[in-house]
Amino acid sequence: LNFTGTGAGVSGSAPSALVVGLGVNNSVCSALQFPRSVTVGQQFSASIVVANTGTRTWKSFSANPSQPHRLGSQDPLDNQMWGLGRVEMSPATVAPGHSATFTFNATAPQAPGSYMFSWRMLQEFVEWFGPKCADTITVTAVPAPPTVDLQVNPWNDRSFPPGTAVWLQWITTGNPT
């Protein structure tokens, strides 16, 4: 910021940089751990590690209830696709140069398909910041249970006296697992 001029007793130039506030929020995603394939409605555990690369210390809800730092859902912004839209930060503070690990349970969508599991840091009521932590999860349909057709042989009479040995044969159709 430079200015020159006179008036009201002011002349000269301002400092070349002006720092306002408590620092800058910034982050980088350093690790993603979650299954890349789940079935519809399946609950699973996810862990996302985010490094504080800014100059502002991140504060959790317990340390700053009015403007906490959190992990928020993306693609689309603030969605509830995975059963939640925000993940609380577990340490009370994360200083610049340190990392926060967000471990949480998510629930897969109810329709099969390919979905972005996408999250980004934010300071509530202030800003979203840093790149997204994202990768694709494939959601598959729950396999149909196998059907079993029991046939009794060689008798046509389907009632047997106690102690009678019978031979059973079954044929599995559909998914045999």
[X] vs [Y] side-chain heavy atoms within contact, under 4.5 Å:
{"X": "Trp119", "Y": "Val50", "result": "no"}
{"X": "Val139", "Y": "Gln110", "result": "no"}
{"X": "Tyr115", "Y": "Pro109", "result": "yes"}
{"X": "Thr57", "Y": "Pro96", "result": "yes"}

Quiz item: How far does CD1 of Ile48 sit from CZ of Arg120, to the nearest 0.5 angstrom?
Solution: 14.0 Å
Exercise. Show your reasoning for whether side-chain contact (heavy atoms from CB on, under 4.5 Å) applies to Met81 and Asp75.
Key: CA-CA 9 Å; Met81 185 180 321; Asp75 297 321; over 6 Å; no
Do you know the tightest heavy-atom contact between [X] and [Y]?
{"X": "Ala106", "Y": "Phe117", "value": "CB-CE1, 4.1 Å"}
{"X": "Ser60", "Y": "Ser62", "value": "OG-OG, 2.9 Å"}
{"X": "Val94", "Y": "Ala100", "value": "CG2-CB, 3.8 Å"}
{"X": "Gly72", "Y": "Leu122", "value": "N-CD2, 3.5 Å"}
{"X": "Ala92", "Y": "Ala63", "value": "O-CB, 3.6 Å"}

Practice problem: Step by step, work out the side-chain contact (heavy atoms from CB on, under 4.5 Å) result for Ser47 and Thr101. | Solution: CA-CA 7 Å; Ser47 180; Thr101 301; 3.5 Å; yes
Practice problem: Not counting sequence neighbours, which residues clear side chain to side chain donor-acceptor pair (under 3.5 Å) with Ser66? List them please. | Solution: Asn64
Self-check item: Within one Ile-Leu-Val-Met-Phe-Trp-Tyr cluster: Val142 and Phe44, side-chain cutoff 4.5 Å
Solution: yes
Quiz item: So, does Ser73 use its side chain to make a donor-acceptor pair with the main chain of Asn79 at under 3.5 Å?
Solution: yes
Quiz item: Can you list the steps and then say if Trp82 with Ile137 is a side-chain contact (heavy atoms from CB on, under 4.5 Å)?
Solution: CA-CA 11 Å; Trp82 304 100; Ile137 295 181; 4.0 Å; yes
Pairs of donor and acceptor atoms involving the side chains of residues 24-40, under 3.5 Å and at least two apart or interchain, shall be tabulated with distances.
unit_1	atom_1	unit_2	atom_2	d
Asn25	OD1	His69	NE2	2.9
Asn25	ND2	Gln123	OE1	2.9
Asn25	ND2	Glu127	OE2	3.1
Ser30	OG	Val49	O	3.3
Arg36	NE	Asp135	OD2	3.1
Arg36	NH1	Phe34	O	2.5
Arg36	NH2	Asp135	OD2	3.3
Thr39	OG1	Gln42	OE1	3.2

Exercise. Evaluate the criterion side-chain contact (heavy atoms from CB on, under 4.5 Å) for residue pair Leu71 and Met121; output intermediate values, then yes/no.
Key: CA-CA 5 Å; Leu71 193 63; Met121 285 299 300; 4.0 Å; yes
Quiz item: Got a sec, which residues hit salt bridge (Lys or Arg N to Asp or Glu O under 4.0 Å) with Arg70, two or more places apart in sequence or on another chain?
Solution: Glu88, Glu124
